[in-house]
Trainee: 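Can you read through this structure? Questions will come right after.
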Amino acid sequence: MIKPDGVQRGLVGEIISRFERRGLKLVAIKVESPSKEHLEKHYSDLASKPFFPSLIKYMTSGPVVAMVWEGRGAASLGRQLLGQTNPTASAPGTIRGDFCIDMGSNLIHGSDSQESAQKEIDLWFPNGVTE
Ligand code: ATP
Ligand code: MG
């Protein structure tokens with residue numbers, strides 16, 4: 001998912017290009033302004049963290065682009081393309097390592113496993129993903 005800062009900064013094309021060039025296949029995409037409740041579900045694992053309220057505020061600051069990417073090892077490959085959670089720890093050549101510096105506005109979300117990808121696809125694309 002491209003987060004609100006990624007959309008506002010006009011980085012949607014750049015980010016999609018990187019996934020495409022690596023060989024992943026785009027199978028679903030939509031622009032959405034999700035509700036606070038929707039994002040609280042998306043990040044429910046982090047509900048007890050002190051930064052949770054600011055995370056939800058950031059994530060509701062504008063539209064996001066939700067996507068489903070398919071390919072061998074797509075979840076772990078996607079995480080490699082993203083870089084680390086903290087952009088300052090992200091290597092140049094990664095999306096976060098090339099385009100941002102603050103953990104509180106780190107451009108993009110990636111599912112951290114195949115299981116969480118499936119859960120997130122069900123949350124963001126409740127009508128299913130057609131190919
Ligand atoms: P994402 O789930 O968004 O892909 P991630 O898996 O790299 O990021 P998580 O631990 O799942 O990292 O945290 C989700 C998001 O919460 C981070 O991307 C970041 O925006 C924010 N976040 C995480 N840790 C902190 C922190 N210590 N301080 C502030 N914000 C944080
Ligand atoms: Mg995460």
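Both counts, for ligands and for their atoms, begin at 1 and track the order of listing. This one's a predicted model, so the numbers in the text were calculated from it and none came from an experiment.
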Trainee: Check each heavy atom of Thr85 against ligand 1 and say whether those closer than 4.0 Å belong to the side chain, the backbone, both or neither.
Mentor: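 Thr85 to ligand 1: contacts from backbone and side chain alike.
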Trainee: Determine whether the side chain, the backbone, both or neither of Arg79 has a heavy atom under 4.0 Å from any heavy atom of ligand 1.
Mentor: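 Near ligand 1, Arg79 shows its side chain, while the N, CA, C and O stay back.
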Trainee: Is any side-chain heavy atom of Ile16 closer than 4.5 Å to a side-chain heavy atom of Trp69?
Mentor: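 In contact.
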Trainee: Identify, for atom 27 (N) of ligand 1, the protein heavy atom at the shortest distance, and state residue, atom and that distance.
Mentor: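 Nearest neighbour among protein heavy atoms for atom 27 (N) of ligand 1, to 0.1 Å: Met103 CE, 3.5 Å.
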Trainee: Is the shortest heavy-atom distance from the side chain of Ser111 to the side chain of Met1 under 4.5 Å?
Mentor: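 Heavy-atom side-chain distance check fails, nothing below 4.5 Å.
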Trainee: Got the closest protein heavy atom to atom 15 (C) of ligand 1, with its distance?
Mentor: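 Answer for atom 15 (C) of ligand 1: Leu55 CD1, 3.8 Å.
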Trainee: Checking the N or O distance criterion of under 3.5 Å, is ligand 1 in contact with Gly104?
Mentor: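 The answer is no, given that Gly104 and ligand 1 share no N or O pair closer than 3.5 Å.
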Trainee: Assess whether a salt bridge exists between Arg18 and Glu14, defined as any Lys/Arg side-chain N lying under 4.0 Å from an Asp/Glu carboxylate O.
Mentor: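 Result for this pair is yes, salt bridge flagged.
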Trainee: Decide yes or no for Ile101 and Thr88: does some side-chain heavy atom of the first lie under 4.5 Å from some side-chain heavy atom of the second?
Mentor: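 Yes. Closest side-chain heavy atoms under 4.5 Å.
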Trainee: Identify which of Phe51, Tyr43, Phe52 has a heavy atom lying nearest to atom 23 (C) of ligand 1.
Mentor: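 Minimum heavy-atom distance to atom 23 (C) of ligand 1 goes to Phe51.
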Trainee: Please state which part of Arg96 comes within less than 4.0 Å of ligand 1, counting heavy atoms only: side chain, backbone, both or neither.
Mentor: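 The side chain, only.
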Trainee: In this structure, does ligand 1 have an atom that sits under 4.0 Å from one of the heavy atoms of Gly110?
Mentor: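 It does; at least one heavy atom falls under 4.0 Å.
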Trainee: Does any N or O atom in Tyr58 lie less than 3.5 angstrom from one in ligand 1, N or O only?
Mentor: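 No: no nitrogen or oxygen of Tyr58 is under 3.5 Å from one in ligand 1.
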Trainee: Can you tell me if Leu46 has a non-hydrogen atom under 4.0 Å from ligand 1?
Mentor: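 It does; at least one heavy atom falls under 4.0 Å.
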Trainee: Heavy-atom distances under 4.0 Å are what count here, so tell me which part of Lys3 touches ligand 1: side chain, backbone, both or neither.
Mentor: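 Side chain only.
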Trainee: Provide, to 0.1 Å, the distance between atom 2 (O) of ligand 1 and the closest protein heavy atom, together with that atom's residue and name.
Mentor: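 Answer for atom 2 (O) of ligand 1: His109 ND1, 2.9 Å.
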Trainee: Please could you name the atoms of ligand 1 that Asn106 approaches to less than 4.0 Å, counting only its heavy atoms?
Mentor: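 Here the atoms of ligand 1 in question are 17 (C), 18 (O), 19 (C), 20 (O).
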Trainee: Do Glu32 and Trp124 have side-chain heavy atoms sitting under 4.5 Å apart?
Mentor: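 They are in contact (side-chain heavy atoms under 4.5 Å apart), so the answer is yes.
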Trainee: Taking 4.0 angstrom as the limit, do Glu40 and Lys36 come out as a salt bridge?
Mentor: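 Lys36 and Glu40: salt-bridged.
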Trainee: Compute both the distance and the angle, then confirm whether Lys30 meets the cation-pi test with Phe125: under 6.0 Å from the six-membered ring centre, within 45 degrees of the axis.
Mentor: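 Geometry flag: set, cation within 6.0 Å and 45°.
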Trainee: Please walk me through it: do Val31 and Val64 pass side-chain contact (heavy atoms from CB on, under 4.5 Å)?
Mentor: CA-CA 6 Å; Val31 181; Val64 301; over 6 Å; no
Trainee: Any side-chain heavy atom of Gln118 within less than 4.5 Å of one from Asp122?
Mentor: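 Yes, at least one pair of side-chain atoms sits under 4.5 Å.
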